[in-house]
Amino acid sequence: GAGVSQSPSNKVTEKGKDVELRCDPISGHTALYWYRQSLGQGLEFLIYFQGNSAPDKSGLPSDRFSAERTGGSVSTLTIQRTQQEDSAVYLCASSRQTDQNEQFFGPGTRLTVL
Amino acid sequence: GIQVEQSPPDLILQEGANSTLRCNFSDSVNNLQWFHQNPWGQLINLFYIPSGTKQNGRLSATTVATERYSLLYISSSQTTDSGVYFCAVEGGGATNKLIFGTGTLLAVQP
């Protein structure tokens, strides 16, 4: 597609349930990033994938969060046993990972944990 | 880690006015981007500007890397310019993650 796409756009879940968020990066972009935007924390980095290298998971807030990227393209962010503090907008970005590493963002998934 | 500060935190303008938004960062960076987050939450790329000056229509940006700041200029503002403007820097290392400032909330009144 022309841009980064994410699904679902909105997700409401009950505390304790698992959720999966999907990101489809721009075709040809080898780097993929997940960020989170919440009222108290602003925009913060979660995880980074680059090609076949091991992902940088240093931004994941707890072991309930995990992500994978299959075939170097689509990525899924999974949150297990959701908590109310997980409520946020989850944003995905991709870039060409060249000297000019401009990142482009998807529309986000708004997660609400009741 | 790198700290990114933006000023002012919020700004109200009358349509047609000009404005300057500032971004200070605490260490040398490999990349700096300016974004506009529209009312629907979409982050729109404005500039990729690790150094120098760029212009795009009514918007222009200047980054002085040696002095660790960047400026975003908005001229002849329009109501559609309203939203939050974010500066984000990439500090280098193995991960090219962006570190975001807290944003400037701009409201342009007709």
Side-chain angles (χ1 to χ4, degrees), chain A residues 2-6 8-11 23 26 29-60 67 87-112, chain B residues 1-7 9-10 23-52 54 56 59 61 63 65 70 72 83-105:
Chain A
V4 178
S5 60
Q6 293 186 243
S9 55
N10 282 285
K11 176 71 177 179
C23 171
I26 293 172
H29 281 194
T30 59
L32 187 148
Y33 310 78
W34 285 96
Y35 295 84
R36 178 170 72 171
Q37 186 173 25
S38 55
L39 280 176
Q41 301 298 323
L43 271 152
E44 54 182 349
F45 164 78
L46 296 177
I47 188 169
Y48 159 73
F49 295 91
Q50 168 54 29
N52 295 321
S53 302
D56 178 350
K57 305 178 183 179
S58 61
L60 294 179
S87 296
V89 177
Y90 289 82
L91 294 161
C92 177
S94 70
S95 71
R96 288 192 181 278
Q97 195 68 70
T98 62
D99 286 346
Q100 183 164 336
N101 189 40
E102 185 174 5
Q103 295 185 28
F104 295 86
F105 282 77
T109 294
R110 181 174 297 277
L111 175 65
T112 303
Chain B
I2 295 176
Q3 304 298 312
V4 182
E5 296 181 352
Q6 291 186 242
S7 60
D10 39 66
C23 172
N24 292 333
F25 42 96
S26 61
D27 205 344
S28 57
V29 298
N30 295 334
N31 171 18
L32 187 146
Q33 291 185 241
W34 282 98
F35 297 92
H36 175 212
Q37 189 166 42
N38 65 20
W40 297 270
Q42 175 75 54
L43 280 170
I44 298 166
N45 289 42
L46 297 178
F47 295 101
Y48 171 90
I49 187 165
S51 63
K54 291 186 177 179
N56 184 4
L59 273 59
T63 297
S70 182
L72 177 68
V84 183
Y85 289 80
F86 286 104
C87 165
V89 303
E90 176 195 321
T95 298
N96 298 319
K97 64 183 180 184
L98 289 176
I99 301 166
F100 283 80
T102 51
T104 292
L105 175 59

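In what follows, chains carry the letters A, B, and so on, assigned in the order in which the sequence lines appear, proteins first and then strands, with residues in each chain numbered from 1. Just so it is clear, the model here is predicted, and its values are computed rather than measured.
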Problem - Modelled atom types, side-chain donor and acceptor of A:Gln50 and A:Thr30, under 3.5 Å - result: yes
Problem - Top of A:Gly42, A:Gly106, A:Ala31 for chain B proximity - count of heavy-atom pairs under 4.5 angstrom - result: A:Gly106
Problem - Region of A:Gln37 that comes under 4.5 Å of a non-hydrogen atom in chain B - result: side chain
Practice task
Assign the ring pair A:Phe45 / A:Tyr35 to parallel, tilted or perpendicular, where the plane angle (0 to 90°) is split at 30° and 60°.
Solution key: perpendicular
Practice task
Heavy-atom distances under 4.5 Å only: say whether A:Phe104 touches chain B with side chain, backbone, both or neither.
Solution key: both
Practice task
Enter the distance from A:Thr109:OG1 to A:Gln6:CD here, rounded to the nearest 0.5 Å.
Solution key: 5.0 Å
Practice task
State whether a side-chain donor-acceptor pair under 3.5 Å links B:Glu90 with A:Gln103.
Solution key: no
